[in-house]
Amino acid sequence: MAPSTSQVITCKAAVAWGAGEPLVMEEVEVSPPQPMEIRIKVVSTSLCRSDLSAWESHAIFPRIFGHEASGIVESVGLGVTEFKEGDHVLTVFIGECMTCRQCTSGKSNVCQVLGLERRGLMHSDQKTRFSIKGKPVYHYCAVSSFSEYTVIHSGCAVKVSPHAPLEKICLLSCGVAAGLGAAWNVADVSKGSTVVIFGLGTVGLSVAQAAKLRGASRIIGVDNNPQKCENAKAFGVTEVVDPNSCEEPIAQVIKRITDGGADFSFECVGDTDMITTALQSCCDGWGLTVTLGVPKAKPEMSAHYGLLLMGRTLKGSLFGGWKPKSDLPSLVEKYVNKEIKIDDYITHNLPFDDINKAFNLMKEGKCLRCVIHMQR
C-alpha cells in the first residue's frame, strides 16, 4: 500500500511536565508517520498503574504518558502493508516484529527489535514525533495515548475487528491481557489447584478470572484495601486475606490455610519484597510463583536459596506471555463471544479533560480501570 499523504497534525495532549505534577492540556504537533509507522486517532485509553508509577518517578520530561489504548488508523508510513486508513487497532507496549530470534523461537514474546522502550523515543530513529513550539515532547512505552493523535511503530499495533467496542477492548492492550496470560500461558493453572494472588487491582483480578475459568478450586486474594477485597469475589476470588488484620506474617497465614502452601502464587503489586512473600507462600515440590508487577522502588529482590532448593519455581511474566499480533485478536474474539469479562474492570468513564481525576482515583485506590474517552 502506498503511504498516506499526511501532514503535521496539531491536537490536544495531556503533557506531564514534571514528576507528580498535574498533567497539562497542551496543543502539540504530531509528525507524520515515518517508514513502518502509523498515526492513529486515539478513541479510548485507560490509566494503568505503570503510567502512575512512571509519572511519580523522576523520569524524562516533558512526556505524554498512556499505553493502554484503542484507536483508528489515520495515516500510514512508507512500507506499511498491514494497515490502512480506517482500521481499528489496539496499541501495545511491546511489539512483535515476527523475524527476530525471540519472535521466531516459539518460546517468548520479548521481541528484540520492538521490546520495552524506556528512553521516550521511537524505536526506528530514536527521535520523537511530538513537539511543542519546536521542542521535543517524549513518548512513553512507544505509545503515548494521552493524546488525541499518536504515532507508533506498525509492529506495536494490532488490527482488531471493527465490531469490537474500542471503549472496552482497550483494556486488552495491557492490564486484563497481562493477568489472563500470566495464569494461562506462564503458570498454566490447572483444574482443582489452589491459587493465591497478591494485589487485587485489575491485573490481579484478571489472574483470578483466568484461574476460575481453568477450574482452580481455591483462589485466595491478598490486599490491604478493604474495598478491593469486598469486590474481588465477583471476579472469582473465593476468599480474601487482609494482611493488616493478621497477627502473623502473611506467608505463614497462606501456608497454614492451604496445608503447606498454594500451588500457584501471583505477585501483582509491584513490590520486590512481596515477590519473596509470594515465593514463601507456595508449596514445596511444585509451587510456582509468577511476578507481574513493576516495582516502583527497590528493583532488587532477595530470597533464601532454600525456597528454590525445595522445588519452588519463580517466573517473570511480561504481558502475560502473549505475542501481540499473533494472540490478541483471539482474546478480542473471546470477549465478543462473552467467554471473558472486561466490562466489570471499568469502574469509571471520564472525558479526556478529566484525566487528572483518573490519576487521583488510582492514587487513592478508588478505581480499577478509568477509561478516558476522546472527543469524537
Side-chain angles (χ1 to χ4, degrees), residues 1 3-4 6-15 23 25 28-34 36-48 51 63-77 80 82-96 114 117 122-123 128-130 137 139-177 319 324-325 328-329 331-332 335-336 342 346 349-353 355 358 369-376:
M1 174 179 290
S4 310
S6 55
Q7 306 296 323
V8 171
I9 284 177
T10 299
C11 71
K12 188 163 63 174
V15 178
L23 306 188
M25 286 295 174
V28 300
E29 293 85 42
V30 187
S31 299
Q34 298 304 299
M36 298 310 296
E37 296 175 355
I38 62 175
R39 188 164 61 189
I40 68 170
K41 176 177 174 58
V42 177
V43 172
S44 298
T45 179
S46 41
L47 178 62
C48 177
D51 292 305
R63 201 170 200 180
I64 298 171
F65 287 106
H67 63 281
E68 196 173 87
S70 58
I72 298 170
V73 176
E74 177 269 339
S75 56
V76 303
V80 175
E82 182 184 357
F83 299 100
K84 64 182 185 301
E85 293 176 25
D87 281 344
H88 288 205
V89 295
L90 291 178
T91 63
V92 284
F93 65 94
I94 55 167
E96 184 181 357
L114 301 171
E117 207 299 308
M122 294 297 292
H123 284 102
T128 75
R129 301 290 179 264
F130 297 107
V137 177
H139 299 246
Y140 179 65
C141 285
V143 176
S144 293
S145 56
F146 295 162
S147 173
E148 292 176 323
Y149 288 86
T150 189
V151 175
I152 60 176
H153 194 285
S154 59
C156 295
V158 179
K159 188 187 298 186
V160 296
S161 166
H163 305 296
L166 292 174
E167 71 277 9
K168 308 290 187 183
I169 63 170
C170 58
L171 272 65
L172 289 175
S173 74
C174 184
V176 172
F319 196 45
K325 289 182 181 293
L328 278 191
L331 274 185
V332 173
Y335 168 70
V336 171
I342 295 177
I346 302 171
N349 289 281
L350 299 171
F352 189 30
D353 286 338
I355 191 167
R369 278 297 189 263
C370 293
V371 174
I372 296 146
H373 303 272
M374 301 295 178
Q375 189 172 356
R376 292 279 183 152

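For clarity, every value in this text was computed on a predicted model and none was experimentally measured.
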Checklist entry - How long is the gap from NZ on K12 to CE on M374, to the nearest 0.5 Å? => result 9.0 Å
Checklist entry - Roughly how far apart are D51 CG and F93 CZ, rounded to 0.5 Å? => result 10.5 Å
Checklist entry - Rounded to the nearest 0.5 Å, how far does CZ of F319 lie from CG of L172? => result 8.0 Å
Enumerate donor-acceptor pairs with a distance under 3.5 Å from any side-chain N or O in residues 161-171 to protein atoms, sequence neighbours excluded.
| residue | atom | partner | partner atom | Å |
| --- | --- | --- | --- | --- |
| S161 | OG | H163 | N | 3.0 |

Next on the checklist: Could you work out, with side chain to side chain donor-acceptor pair (under 3.5 Å) as the rule, every residue matching S46, not counting sequence neighbours?
Outcome noted: E68
Checklist entry - Can you name the closest pair of heavy atoms from A142 and I152 and give their distance? => result O-CG2, 3.4 Å
Checklist entry - For the atom pair NZ (K41) and CD (E85), what is the distance rounded to the nearest 0.5 Å? => result 14.0 Å
Checklist outcome for this item: Note: S144 and T150 closest approach over all heavy atoms is O-OG1, 3.2 Å
Checklist entry - Does F146 have any ring pair (Phe, Tyr, Trp, His ring centres under 6.0 Å) partners at least two apart in sequence or in another chain, and if so, which? => result none
Checklist entry - Checking side-chain contact (heavy atoms from CB on, under 4.5 Å) for the pair F65/L47: CA distance, chi angles, key distance, verdict? => result CA-CA 9 Å; F65 287 106; L47 178 62; over 6 Å; no
Next on the checklist: Just verifying a value: how many Å separate R129 CZ and M122 CE, rounded to the nearest 0.5 Å?
Outcome noted: 5.0 Å
Checklist entry - Judged by atom type as modelled, is there a donor-acceptor pair below 3.5 Å linking the side chain of R39 to the main-chain atoms of V30? => result yes
Checklist entry - Within a strict 4.5 Å, meaning less than it, do heavy atoms of the V89 and V73 side chains meet? => result yes
Checklist entry - Among all residues two or more places apart in sequence or in another chain, which pass the side chain to side chain contact (heavy atoms under 4.5 Å, CB included) test with H153? => result M36, L114, C156
Next on the checklist: Are the side chains of I372 and P351 in contact, using a 4.5 Å heavy-atom criterion?
Outcome noted: no
Next on the checklist: With a 3.5 Å distance limit and no angle check, can you tell me whether S173 reaches the backbone of L90 through a side-chain donor-acceptor pair?
Outcome noted: no
Next on the checklist: Using the side chain to side chain donor-acceptor pair (under 3.5 Å) criterion, which residues pair with E82? Sequence neighbours excluded.
Outcome noted: K325
Next on the checklist: Measuring only between side-chain heavy atoms, which start at C-beta, is S147 closer than 4.5 Å to C11?
Outcome noted: yes
Checklist entry - If you look at every heavy atom in A358 and C370, which pair is closest and at what distance? => result CB-CB, 3.8 Å
Checklist entry - Does the pair V176 and R369 meet the rule for a side-chain contact (heavy atoms from CB on, under 4.5 Å), with working shown? => result CA-CA 10 Å; V176 172; R369 278 297 189 263; 5.9 Å; no
Next on the checklist: Pair H139, T128 - check side-chain contact (heavy atoms from CB on, under 4.5 Å), show working.
Outcome noted: CA-CA 7 Å; H139 299 246; T128 75; 3.7 Å; yes
Item to check | Test side-chain contact (heavy atoms from CB on, under 4.5 Å) applied to T10 and E29, step by step | outcome: CA-CA 5 Å; T10 299; E29 293 85 42; 4.1 Å; yes
Next on the checklist: Test: salt bridge (charged side-chain N to carboxylate O under 4.0 Å, His left out). Region: residues 145-161. Which pairs qualify, not counting sequence neighbours?
Outcome noted: D87-K159
Item to check | Rounded distance [0.5 Å steps], CG in L350 versus CD1 in I355 | outcome: 9.0 Å
Checklist outcome for this item: On a heavy-atom basis, the closest approach of T45 and S145 is OG1-OG, 2.7 Å
Next on the checklist: Against H67, only a single residue in V143, T91, V92 fulfils side chain to side chain contact (heavy atoms under 4.5 Å, CB included); can you say which?
Outcome noted: V143
